[in-house]
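The structure under discussion appears below in the form of structure tokens.
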Number of protein chains: 2
Amino acid sequence: MTELKKRRSNCPVSTSLDVFGDKWSLLIIRDLMYKKKCTYGDFLKSAEGIATNILASKLQNLEEQDIIRRQPHPDSKAKILYTLTAKGIELLPAIIEISLWAEKHYTLSEEWLAMLEKIQADKEGFIKKSMQNIANEI
Amino acid sequence: MTELKKRRSNCPVSTSLDVFGDKWSLLIIRDLMYKKKCTYGDFLKSAEGIATNILASKLQNLEEQDIIRRQPHPDSKAKILYTLTAKGIELLPAIIEISLWAEKHYTLSEEWLAMLEKIQADKEGFIKKSMQNIANEI
DNA sequence: CCGCATCCCTATAGATACTG
DNA sequence: CAGTATCTATAGGGATGCGG
């Protein structure tokens with residue numbers, strides 16, 4: 001069990017926000033979950049346009065929080081592969097609920113709509129499959 | 001359907017973060033959902049200690065996003081009652097998943113543990129009941 | 001190239017005092 | 001009670017540099 005240095009309170013929502021409550025951390029986790037993006041360069045290419053220094057600091061924080069892990073890339077010695085830990089994968093239900101809320105209240109692209117409809121049709125199944133998939137990669 | 005001025009992308013996670021992706025907004029929503037706190041003074045008294053200017057700006061933003069609503073307080077003309085809109089209430093599943101994740105990975109107080117165990121025992125029922133409760137208040 | 005680190009500037013968060 | 005006003009601190013953004 002990871003303990004944080006500075007938790008504002010022992011409320012579960014507050015604690016979660018102390019870990020990943022910023023504009024970028026959940027997008028990195030989204031890339032790893034939904035889009036299978038997993039290198040520094042991949043994250044940089046995402047639509048929101050994160051700055052390099054912010055990306056580096058968020059990756060470091062997520063690693064310290066034991067949500068992601070750095071591994072050597074099979075293709076190239078120069079590359080680093082970022083993967084989710086079990087603790088990171090377990091954020092999937094939260095990410096899905098956050099996504100479904102946005103789907104209900106905002107206009108999304110066709111790509112995302114198709115993805116979310118697929119998930120919504122079998123939420124439990126999607127979560128199980130994702131957890132097994134990523135677990136197998138370790 | 002509320003449209004935001006500046007959405008970084010049309011990804012559902014990114015969009016949600018553009019709406020409430022900061023260290024305080026979800027705590028205000030938590031107070032309204034879990035703790036039935038609903039005045040400016042109540043929010044100030046919460047354990048995390050939000051500053052008055054931050055609270056005022058977050059309340060304003062949440063109102064603009066149609067997540068909370070300001071109403072006259074029945075007890076006093078000087079008081080304002082903040083309540084969740086339907087759009088706000090629909091964040092409950094996300095809040096619950098975020099809470100359950102924190103419960104799994106961090107040490108919480110007994111109060112919160114008891115609350116979350118009750119929720120976990122009948123998640124669907126809790127969500128339905130909460131939505132009806134708040135809907136009746138409107 | 002890839003994965004950062006550094007510098008510099010701006011925008012937002014936060015603490016505190018004060019007000020209608 | 002429900003906020004402003006003011007000031008300071010930190011986080012974020014853009015350009016560039018640099019070792020492997």
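Sequence lines set the chain letters: A, B, ... in the order given, protein chains first and strands last, and positions in each chain run from 1. Quick note: numbers below take in every heavy atom, side chains included, and nothing from hydrogens, waters or symmetry partners.
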| task | May I ask you to verify if any side-chain N or O of Trp24(A) is less than 4.0 angstrom from the OP1 or OP2 atom of dA11(D)? | result | no
| Just to confirm, is there a sub-4.0 Å distance from OP1 or OP2 of dG3(D) to any side-chain nitrogen or oxygen of Arg70(B)? | yes
| request: Return the value, rounded to whole Å, for the distance between atom CG of Asp18(B) and atom P of dT12(C). | output: 13 Å
| query | For the side chain of Thr52(A) and the base of dA5(C), is some donor closer than 3.5 Å to an acceptor across the two? | reply | yes
| Check: Tyr106(B) ring centroid to Trp112(B) ring centroid under 6.0 Å | no
| request: Grab the CG-P distance between Leu17(A) and dG14(C) for me, whole Å please. | output: 11 Å
| task | Check the angle between the aromatic planes of Tyr34(A) and Phe126(A) and answer parallel, tilted or perpendicular using the 30° and 60° thresholds. | result | tilted
| said: Rounding to an integer number of Å, can you tell me how far Phe20(B) CZ sits from dA13(C) P? | reply: 16 Å
| request: Look at the side chain of Asn53(A) against the base of dG12(D) and say whether a donor-acceptor pair falls under 3.5 Å; ignore hydrogens and angles. | output: no
| message | Under 4.0 Å, counting only non-hydrogen atoms across every strand here, what does Thr39(A) touch: a base, just sugar-phosphate, or nothing? | response | sugar-phosphate
| Under 4.0 angstrom between Lys77(A) side-chain N/O and dC2(C) OP1 or OP2 | no
| Length of the NZ-P vector between Lys45(A) and dC1(C), whole Å | 11 Å
| So, is Lys79(A) near the phosphate of dC1(C), with a side-chain N or O under 4.0 Å from OP1 or OP2? | no
| field | Nearest-Å distance for atom pair NE2/C1', residues His73(A) and dG20(D) | value | 17 Å
| note | Taken to the nearest whole Å, CG/Asp22(B) to C1'/dG14(C) is 13 Å
| remark: Ranking Ala51(A) and Ala78(B) by the position along DNA chain D of their nearest nucleotide, the one closer to 5' is Ala78(B)
| query | Between Tyr82(B) and Phe43(B), what is the ring plane arrangement, given parallel below 30°, perpendicular above 60°, and tilted in between? | reply | tilted
| For Leu55(B) and dA15(C), what is the distance between atoms CG and P respectively, to the nearest whole Å? | 13 Å
| remark: note: Leu44(B), atom CG; dC1(D), atom P; distance rounded to Å ~ 10 Å
| query | Does the pair Arg7(B) and Thr15(B) meet the rule for a side-chain hydrogen bond (donor to acceptor under 3.5 Å, both in side chains), with working shown? | reply | CA-CA 6 Å; Arg7(B) 281 172 61 184; Thr15(B) 299; 3.0 Å; yes
| field | More than 12 heavy atoms of other groups within 6.0 Å of Lys35(B) NZ | value | yes
| Across the strands shown, which category fits Ile54(B) at heavy-atom distances under 4.0 angstrom: base, sugar-phosphate, nothing? | base
